[in-house]
Amino acid sequence: MMAKRRVFHMNWKKQLGRFCMAGLIVISTACTPDGRATNAAELKVRPAGVAGAFYPADPVELTSMMDSMLAKVALPTITGQILAVVAPHAGYPYSGPVAAYTYSALKGHKYSRVIVIAPSHYEAFGFTSVFDGDGYVTPLGTLREDKEFAVKLAKMDSSIRLSERGHTATSAGAEHALEVQLPWLQHVLGDFTLVPIIMGEQSYENSRALGVSLARLIQRDGESGGAGTLIVASSDMSHYHTYNEALRIDHKTLDALQSWDYFSMSRNFETRVWEACGGAPIVAAMIAAERMGANQARVLKYANSGDTSGDKSRVVGYGADIFINAQTSKAAETRFSFNDHEKDELIAVARKSVERAVQERKAYEPDAPAEERLNEERGAFVTLTESGALRGCVGFTSAMEPLYLTVRDTAVYAALHDPRFHPVTASELALLKYEISVLSPLRRVLDIHEINVGEHGLLIRNGDHEGLLLPQVPLEQHWGREEFLEQTCLKAGLPTGCWKDEDTDIFRFTAFVFGEDRHPASH
């Protein structure tokens with residue numbers, strides 16, 4: 001998905017002496033970020049590819065544009081250490097006013113190393129590519145790569161490789177997503193070494209591998225909490241919807257980001273329920289930052305291209321976000337509930353959906369409820385019982401559609417598509433009892449003592465294996481914390497001790513549970 005471009009005036013003869021517009025160049029001298037020449041052996045550097053298109057090629061004009069945008073930023077108070085950020089990567093006239101919020105938050109901070117993670121727009125490859133050269137060139141000078149760190153990183157996981165894939169220009173164009181962040185970083189931070197990363201495959205597994213590897217390597221270098229390293233995720237948000245539709249889609253992503261539910265974000269990016277062309281870089285940055293001590297995500301600014309171009313018919317969304325170690329006590333988990341009328345309405349939707357599907361083989365199409373909470377997007381499970389025995393239980397862990405539609409769909413899946421049972425028949429309809437569990441966002445467990453039996457449900461994932469048990473299950477089965485973990489491992493098709501494996505992710509969530517009969521044997 002190509003970002004909108006604006007071509008800036010430039011003197012080509014003058015600028016060709018400074019950088020090349022495509023491919024790689026080998027130079028016998030290098031420049032520091034402030035432009036001073038230094039002697040060096042031959043260096044493999046990636047030249048500026050979109051200067052003059054996405055941002056001005058002239059250093060004076062470029063600096064002036066950034067200063068103008070930074071001057072218009074009104075930041076909220078930020079306390080704590082910034083470990084990672086998200087910034088958009090479209091042409092500066094479009095996304096620059098939002099990116100300025102990210103970079104304004106970094107003013108006055110010092111980092112010795114900056115890791116920039118970006119998606120690949122023009123070249124497909126199935127791994128994460130760490131540039132195998134010596135640096136990146138921008139109109140503001142050459143950024144030297146931290147080669148030692150890059151080499152170590154590529155050895156951390158088989159999905160990470162030293163390569164020029166994604167970094168070099170192709171016949172389709174030069175990758176802009178990483179490059180457009182660099183002038184901002186040079187201008188705001190000054191001197192640092194760069195680790196440029198392009199993600200070719202945006203799976204959760206690749207995001208996790210990169211995030212975990214970065215955190216381990218940074219902390220192995222002896223940095224307390226990664227104090228000397230900043231991680232930048234480069235991403236735009238939804239693409240080419242109407243203005244109001246972009247707002248609707250993008251705020252789902254931002255809500256999950258602020259809840260630190262990167263697992264649901266990754267899943268919904270992969271299925272295109274939510275949109276971010278750099279979704280995997282965002283998830284990788286969150287995973288790394290979390291493991292280095294970040295405990296708060298903040299959205300500093302959201303806008304879209306309709307706010308800058310005036311064309312609201314087909315826009316691109318932009319967000320400026322930071323992940324910080326706030327060094328405050330852990331915030332209480334968000335609680336939610338439903339009144340009797342709302343509960344009755346959801347139970348009625350579940351029952352009517354199953355009856356329509358079983359009797360008529362048709363989908364039930366309920367009117368949108370008047371109650372705002374029933375229109376909120378939340379994950380939910382529907383459990384069916386018959387004479388006190390489990391008859392089906394299926395749900396969505398991620399918020400993908402309004403709650404009343406989630407209940408409609410999961411009720412039908414529980415009745416007809418739970419692989420543990422044969423489909424519900426018409427003769428059984430009058431015997432069914434319905435229970436609904438509405439889920440909070442997922443949050444990775446950092447310490448198993450965070451898990452409160454009866455309060456938290458668990459989702460365990462390791463590779464392709466995944467299993468979930470709702471909060472009511474351990475109470476019904478009289479399990480303690482460790483048995484709850486072991487049984488969730490079994491639900492995932494894994495050994496009972498999988499929860500101790502460093503490759504296992506454990507996510508907790510709360511649920512508001514209500515229904516006609518609360519006595520299922522299992523879920």
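Counting only residues at least two apart or on different chains, no salt bridge (Lys or Arg N to Asp or Glu O under 4.0 Å) pair has a member in residues 82-100. Among residues at least two apart or in separate chains, side chain to side chain donor-acceptor pair (under 3.5 Å) pairs with a member in residues 150-160 are E148-K152, D157-S159. A salt bridge (Lys or Arg N to Asp or Glu O under 4.0 Å) check over residues 170-190, counting only residues at least two apart or in different chains, returns the pairs R46-E179. Note on residues 114-123: pairs passing salt bridge (Lys or Arg N to Asp or Glu O under 4.0 Å), not counting sequence neighbours, are E123-R165. Listed by first and then second residue, the salt bridge (Lys or Arg N to Asp or Glu O under 4.0 Å) pairs that reach into residues 205-216 are E205-R461, R208-D505, R216-E502, sequence neighbours excluded.
Without hydrogens or angle criteria, S234 side chain to A118 main chain gives no donor-acceptor distance under 3.5 Å. Of the possible donor and acceptor atoms, one in the side chain of N295 sits under 3.5 Å from a partner among the backbone N and O of A326. A donor-acceptor contact shorter than 3.5 Å is absent between the side chain of T138 and the backbone of P183. No donor-acceptor distance shorter than 3.5 angstrom exists from the side chain of S238 to the backbone of E275, with no hydrogens or angles considered. Between the side chain of T308 and the backbone N or O of S305, at least one donor-acceptor pair lies under 3.5 Å. Remark: the backbone N or O of G228 is paired with a side-chain donor or acceptor of S112 at under 3.5 angstrom. Between the side chain of H239 and the backbone N or O of M237, at least one donor-acceptor pair lies under 3.5 Å. Judged by distance alone, with hydrogens and angles left aside, the side-chain atoms of Y92 form a donor-acceptor pair with the main-chain N or O of V180 at under 3.5 Å. The backbone N or O of V60 sits nowhere less than 3.5 Å from a side-chain atom of S64 that would complete a donor-acceptor pair.
A 4.5 Å side-chain heavy-atom check between V283 and M286 finds every atom pair outside the cut-off. Side-chain contact between L459 and F263 is present, with at least one heavy-atom pair separated by less than 4.5 Å.
Scanning for salt bridge (Lys or Arg N to Asp or Glu O under 4.0 Å) contacts around E270 gives an empty result, with sequence neighbours left out. Under the rule for a salt bridge (Lys or Arg N to Asp or Glu O under 4.0 Å), the partners of D146 that lie at least two apart in sequence or sit in another chain are R113. Every residue was checked against the salt bridge (Lys or Arg N to Asp or Glu O under 4.0 Å) condition with K301, not counting sequence neighbours, and none meets it. Shown here are the side chain to side chain contact (heavy atoms under 4.5 Å, CB included) partners of S313, two or more places apart in sequence or in another chain: D311. With sequence neighbours excluded, the residues satisfying side chain to side chain contact (heavy atoms under 4.5 Å, CB included) with P119 are H89, H121, A177, Q202, P281. Taking S264 as the reference, D261, S398, L442 meet the side chain to side chain contact (heavy atoms under 4.5 Å, CB included) condition, with sequence neighbours excluded. For E371, there are no salt bridge (Lys or Arg N to Asp or Glu O under 4.0 Å) partners, not counting sequence neighbours.
Paired with Y136 under the rule side-chain contact (heavy atoms from CB on, under 4.5 Å), one option of L182, T142, V45 passes, and it is L182. Just one of D255, D321, I322, T253 meets the side-chain contact (heavy atoms from CB on, under 4.5 Å) condition when paired with V299; it is D321.
Taking the six-membered ring where the residue is Trp, H109 and Y111 present parallel rings, their angle staying beneath 30° rather than reaching 60°. Using the six-membered ring where Trp is involved, Y204 and Y262 have ring planes that are parallel, under 30° apart on the 30 and 60° scheme.
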Checking D250 against Y318 for the side chain to side chain donor-acceptor pair (under 3.5 Å) test, could you report, in this order, the C-alpha distance in whole Å, the side-chain angles of both residues, the deciding distance, and whether it holds?
CA-CA 9 Å; D250 290 340; Y318 312 124; over 6 Å; no

| said: I'd like to know whether L257 forms a side-chain contact (heavy atoms from CB on, under 4.5 Å) with M265, so could you lay out the CA-CA distance, the side-chain angles of the two residues, the decisive distance to 0.1 Å, and finally the verdict. | reply: CA-CA 8 Å; L257 183 144; M265 289 171 65; 4.1 Å; yes

Exercise. Go through the steps to decide whether M199 and S207 satisfy the test side-chain contact (heavy atoms from CB on, under 4.5 Å), and finish with yes or no.
Key: CA-CA 9 Å; M199 297 190 71; S207 294; 4.0 Å; yes

W184/Y55 under ring pair (Phe, Tyr, Trp, His ring centres under 6.0 Å): CA gap, chis, key distance, verdict:
CA-CA 11 Å; W184 285 108; Y55 60 86; over 10 Å; no

Original post:
How far apart are the C-alpha atoms of M156 and V212, what are their side-chain angles, what is the distance that settles it, and do they pass the side-chain contact (heavy atoms from CB on, under 4.5 Å) test?
Top reply: CA-CA 9 Å; M156 297 289 288; V212 171; over 6 Å; no

**Request:** Before giving the answer on side chain to side chain donor-acceptor pair (under 3.5 Å), spell out for H187 and D67 the whole-Å C-alpha distance, their side-chain angles and the decisive distance to 0.1 Å.
**Result:** CA-CA 9 Å; H187 187 51; D67 280 337; 2.6 Å; yes

### Task
Dump the intermediate steps for side-chain contact (heavy atoms from CB on, under 4.5 Å) on L143 and L185, then the final yes or no.
CA-CA 10 Å; L143 277 167; L185 289 164; 5.7 Å; no

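The pair R373-E376 does not meet the salt-bridge criterion, since no charged nitrogen lies less than 4.0 angstrom from a carboxylate oxygen. One finds no salt bridge joining R443 and E450 here, because no Lys/Arg side-chain nitrogen approaches an Asp/Glu carboxylate oxygen to under 4.0 Å.
When all heavy atoms are compared, the tightest approach of L70 to Y103 is CD2-C, 4.2 Å. The two atoms that bring K147 and D134 nearest to each other are NZ-OD1, 3.7 Å, heavy atoms only. Among all heavy-atom pairs drawn from N268 and A399, the shortest one is ND2-O, 3.4 Å. Closest of all the heavy-atom pairs between V315 and Y243 is CG2-CA, 4.1 Å. The two atoms that bring T102 and A320 nearest to each other are OG1-CB, 3.1 Å, heavy atoms only. Contact between V98 and G319 at its shortest, heavy atoms only, is CG1-C, 3.7 Å.
In this structure, OG in S235 is found 11.5 Å from CD1 in I117, a value given to the nearest 0.5 Å. The structure places CE of M292 at 4.0 Å from CD1 of I231, a figure rounded to the nearest 0.5 Å. Here the CG atom belonging to L217 is positioned 4.0 Å from the CZ atom belonging to F149, to the nearest 0.5 angstrom. Note: R144 CZ to F192 CZ = 11.0 Å, rounded to the nearest 0.5 Å. Note that CG of L214 is 10.0 Å distant from CD1 of I287, once rounded to the nearest 0.5 Å. Taken from CG in L62 to CD in Q186, the straight-line distance is 8.5 Å, to the nearest 0.5 Å.
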